[in-house]
There are 2 protein chains.
Amino acid sequence: MKPTTLKQIAELLDISTSTVSKALKGYSDVSEKTKRLVLETAKLMNYRPNSFAVNLRTSESKTIGLIVPEIVHHFFSSVIKGIISQAEKKGYLVIILQSNESYKLEKKQLDLLLSQRVDGILISLANGTGNFDHLNDVLLQNKPLVMFDKIAKIIKCSKVIIDDRKAAYTATQHLVDIGCKKIAHFRGSLLPQNSIDRFLGYKQALLDNNMPYDSSLVYICECGDRSFVEGKESARKLLNEHNDVDGIFINTDLVAIGAMTEFQKLGVKVPEDISIVGFSNWFMSSVISPTLTTIDQPGYQMGKTAFKRLYKEIQQIKRNETVTHKKIVLDTALVVRESTIEAK
Amino acid sequence: MKPTTLKQIAELLDISTSTVSKALKGYSDVSEKTKRLVLETAKLMNYRPNSFAVNLRTSESKTIGLIVPEIVHHFFSSVIKGIISQAEKKGYLVIILQSNESYKLEKKQLDLLLSQRVDGILISLANGTGNFDHLNDVLLQNKPLVMFDKIAKIIKCSKVIIDDRKAAYTATQHLVDIGCKKIAHFRGSLLPQNSIDRFLGYKQALLDNNMPYDSSLVYICECGDRSFVEGKESARKLLNEHNDVDGIFINTDLVAIGAMTEFQKLGVKVPEDISIVGFSNWFMSSVISPTLTTIDQPGYQMGKTAFKRLYKEIQQIKRNETVTHKKIVLDTALVVRESTIEAK
DNA sequence: CGGTAAAACGAAATCGTTTTCGTTACGAAA
DNA sequence: TTTCGTAACGAAAACGATTTCGTTTTACCG
């Protein structure tokens, strides 16, 4: 019933546990005969090393922790997939927690992971996170920490991100290029760096094209559970307040889809009357009608890259080398689809 | 640099590790004075019990394993969320692996989890899984195993599922009720029980309504990465072969969305010309146009229920009680939206 | 046959925590 | 003063695997 131990094998063969251990690990000071014998009985008894004991001895668990704001989300689940696939290759397992965009939960979970003594931690911050002491706690314990997507610039650790500002600039420029004269922006909430940067990219693009920046053309959406509805609401408001807008750059795809749905309902044609660019390239965006022009945010690759970076730092700590930090910026791409069209 | 241990606290206070341990755990044979002293220094030195040592002693890791065929998938990510939320409440962490619908990977990952000595395992089978020895291995080790959604009837363990057959029956009956005269079915691949049961539900509904079952009206889709495209292809084929079909029950939402997209492109109106019912109630289905009538498959609740069941069995094993197995069937609901309409 | 080197094996410590079972010390009762 | 009880503490074993450093055995050569 209880799993086989080295001791049991040793007693059965009437040799010492040391020899059994060495045989299993292929040491050279074990005769071929006993080696064979041990390997056979081990297989027969379905022996598996007790990972608790191994962990205790080596002080590593071959496990990393991952905290995301939300699991049921195309971008994050892609990231998770990327992380897991890469981790598996290196023999690491991944413990996943979700902060539900709550600072309090995030803090608690980080603590949990430290207590569990994972070998490293990957995190994408909650929108509500404004205090970063809990992150510094991790670094103080000399545990590798890599942040991705939603990061805190102030923390001294490796980061994997996209250039939100540049991507937003590209998106807005696209609207300018196709002939939009009055471009609105549905931005995310005020805290996270991403929505700030995207906003700044939007603004910069306007200025560089000698178009006036008008703050009343910027609408705020929380981009949480209500994204779709927020998109609808903002679309309706926009029509009331500025019915001559001919292009919108929207912080995230789901809000954009909400907006498009509302426009269709109100008889405003996308892209004929208004061109729309989203952000993230959710899978959904390629199957709705009209398909959505958007910025492709490489979630899977981000996950892979983040793990690789974390792995490198774990190795560095193991070898007592000084840990290096790196900021890795992944490329985004504008995906032009049906929701934007050249003005006639 | 290295984490604080009991020994360090003991040496600092010039008492034994036993006393320190007892003080931290609130034993009664420690004086109030030393208890306070220990607690203070522990906090000061940021002491956390070494989980490796604790695990070794208690033979449990407070960790469970989860294997799903695919993470980037609305239903499964909802399940994952349900599992994690519930696990957290009970102080359990969740290690997630994905089988990529591959039997070989699934087997390997199950082995990995056993080696890691998780306290229990939750699994939804890969489509490719036809052999079940690896699952019995888990049970032989006396480890609790709970299967959900994609199960193997033959394995003696707890299961959490929906009644696919009944749900499919309801979906088909809905098409009959609104007046469809010739109803097609896009089914999933041949192996998994789900797609078999949904097919059987479809067939039964036809028979009960005195409508002829015609196997040429049943199209097979693998429902993997290519779901959307498969939906389009099948839609096109269907039009060629049976242009008088006025209703389709489709195995999964994404295929349905593919089909709808193709119909729209080919000038066939949904729901006026053809009514469509999907399955799963992906979030996407509520935001596309027309919104999709579908069967709501309660992923989040399934995750919660599966964990609760696993937790109960873990407790039973801890207390040396005999482990009971249960088959839990969750309710589904028909969600009527715009893709189906009463025939005139 | 004695000696030596190499080959094969084992004892024991270690990782950090927990818990059982003593042991000590001290005050109170006899 | 002796005895007993109790409060407070500590020694040590245990969980299972690993590895260092001996120790024993074998083989071989002179």
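Excluded from the calculations below are hydrogen atoms, water molecules and symmetry mates; all remaining heavy atoms, backbone and side chain alike, are included. To find a chain, count down the sequence lines: A is the first, B the second, and so on, and within it residues start at 1.
Residue A:Thr34 places at least one side-chain N or O under 4.0 Å from the OP1 or OP2 atom of C:dC9. At C:dG16, none of the side-chain N or O atoms of B:Thr5 fall inside 4.0 Å of OP1 or OP2 (strictly under the cut-off). In this model, the phosphate group of D:dA11 is not approached by any side-chain N or O of B:Ser16 to a distance below 4.0 Å at OP1 or OP2. A sub-4.0 Å separation between OP1 or OP2 of D:dG10 and a side-chain N or O of B:Ser18 is absent. Side-chain nitrogen and oxygen atoms of B:Tyr47 include at least one within less than 4.0 Å of the OP1 or OP2 phosphate oxygen of C:dT17. A close approach under 4.0 Å does occur between a side-chain nitrogen or oxygen of A:Ser31 and OP1 or OP2 of C:dC9.
Between the C1' atom of C:dT23 and the CG atom of B:Asp29 lies a distance of 13 Å, rounded to the nearest Å. Put simply, CG on B:Leu56 is 12 Å from P on C:dG16, counting in whole angstrom units.
Distances from the side chain of A:Ala53 to the nucleotides C:dA8, D:dG16, C:dT19 place D:dG16 closest. Comparing atom distances between the B:Arg57 side chain and each of D:dA13, C:dC21, C:dC9 picks out D:dA13 as nearest.
Looking at heavy atoms from C-beta onward, B:Lys22 lies out of side-chain contact with B:Lys25 at the 4.5 angstrom threshold. Residues B:Thr5 and B:Asn50 form no side-chain contact, since every pair of their non-hydrogen atoms from C-beta on lies 4.5 Å or further apart.
Taking the charged nitrogens against the carboxylate oxygens, A:Arg48 and B:Asp111 do have a contact shorter than 4.0 Å, which makes a salt bridge.
In terms of polar N and O atoms assigned as donor or acceptor, the side chain of B:Lys2 never comes within less than 3.5 Å of the base of C:dG16 in a complementary pairing.
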